[in-house]
Amino acid sequence: MQTSVAAEQERRRRLFHDEQYAPWVRAPHLEDCFLFYVPVTGYPCREQEKLWFHEFYQRLSQGLEQRLLRGELFLRYKGVEQFGDSFLRYAQKCQMRIGMARATGQELPQMPTQEQIDAYVKNPERYNYKDWIAEYLYWFVTKQPQVQRQLFMGHGQLLTLFLPPDPSAPPSPPKLTPALRDAFPVFKTMDVDALIKGTLSSGDMFQAKSKKMFGVGMEERPDYPALRFVLPLLESGDFFTATPEVRTEWFSLFDVYVRESVQDRGVLLAFEKEEYATLLMEVTEAMRMGGWILRSDRR
């Protein structure tokens, strides 16, 4: 008995020992949840940083999928301009839905008046039209996370939520046999598996639940009925200023929150369950052993 108690104490000591998570740094003084942060040299990230995060996300996603979580990727609408034609080309072959993002304490922009519109038409260089646009998010319904990260990660625009299973989701169809895949040309030109997964998740209950949680006060907006979801754009400071009850409510919607934050100049990783801290430690240790070292010295 004493041996098992000592072993548990040692496990917990290692679990909360910062060096075990490097390069992730755990935020102090949050007892009810875990908040980690990795700084980057800036956005866009350096190529070495992108490679490290690609490997990290792949390993973390695999571990979370084994725990029955799935990753959903979202891209900020206001950030798509920097991707140019690459976003437009990808959007033609990817199912997407649009929702809204809300930053804590930020007032939603109002529609411009006719006078403002007339002034903008006369002198567009004096106005930033984005000030009149709310924070919208594209949700990649088509499940191609590695492709989507390759195209859009590292620019401070991606949000990833790892969600628990939806009990109301339809069952997955039987796996397609190799013979069936060879028989139909469509399997050679389209990622049918990604489309099927996307179709099954398109009615996920997180959408309606998120609108109830984060869409309060937006009900009279003309765009509200068309929004499929409303998600929080959380910064590190939001976790410290929120009450434990509010943080608990957040994690009732998602299990793991990962965001590229321009304001924090880094990546935020947050969750509530201790088992995910154990997974994070295992992933980072395995990456270090494999020679994956993140050098994020600032420019």
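For Tyr224, there are no ring-ring contact (aromatic ring centres under 6.0 Å, His included) partners at least two apart in sequence or on another chain. Checked against salt bridge (charged side-chain N to carboxylate O under 4.0 Å, His left out), Lys273 has the following partners two or more places apart in sequence or in another chain: Asp255.
For the atom pair CG (Leu73) and CH2 (Trp139), the distance works out to 11.5 Å, reported to the nearest 0.5 Å. Taking CG of Leu159 as the start and OH of Tyr257 as the end, the distance is 4.5 Å to the nearest 0.5 Å. In this structure, CD in Glu55 is found 4.5 Å from CH2 in Trp292, a value given to the nearest 0.5 Å. Of the inter-residue distances, the one linking Gln20 atom CD with Thr278 atom OG1 reads 11.0 Å to the nearest 0.5 angstrom. Interatomic distance, Arg221 CZ to Met100 CE, rounded to the nearest 0.5 Å: 4.5 Å. To the nearest 0.5 Å, the span separating OH on Tyr90 from CD on Gln150 amounts to 12.0 Å.
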Checklist entry - Step by step, would you call Leu35 with Tyr37 a side chain to side chain contact (heavy atoms under 4.5 Å, CB included)? => result CA-CA 7 Å; Leu35 174 63; Tyr37 167 76; 6.0 Å; no
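Taking the ring centroids of Trp24 and Phe34, they lie at or beyond the 6.0 Å cut-off. In this structure, Phe206 has its ring center no closer than 6.0 Å to that of Phe254. Between Tyr138 and Phe87, the distance from one ring center to the other falls under 6.0 angstrom.
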Which side-chain N or O atoms in residues 229-243 pair as donor and acceptor under 3.5 Å with protein atoms at least two apart or in another chain?
from	atom 1	to	atom 2	distance (Å)
Ser236	OG	Asp264	OD1	2.6
Asp238	OD1	Thr104	OG1	3.4
Asp238	OD2	Thr104	OG1	3.4
Asp238	OD2	Glu235	N	2.8
Thr241	OG1	Gly237	O	3.1
Thr241	OG1	Asp238	O	3.4
Thr243	OG1	Glu245	OE1	3.4
Thr243	OG1	Val246	N	3.2

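A 6.0 Å sphere centred on CD of Gln146 holds no more than 12 heavy atoms belonging to other residues, nucleotides or ligands.
Between Ala286 and Arg59, the closest heavy-atom pair is CB-NH1, 3.6 Å. Taking both residues in full, the closest heavy atoms of Cys33 and Arg247 are given as SG-CD, 3.8 Å, listed atom of the first, atom of the second, then distance. When all heavy atoms are compared, the tightest approach of Arg228 to Arg97 is NH2-NH1, 2.8 Å. For the pair Met213 and Glu249, the tightest heavy-atom approach, listed with the atom from each and the gap, is CE-O, 3.1 Å.
Tyr43 and Gln157 are not linked by any side-chain donor-acceptor pair at a separation below 3.5 angstrom, with hydrogens and angles left out of the test.
Ring orientation note: the planes of Trp52 and Phe56 are close to parallel, at an angle under 30° on the 30°/60° scale.
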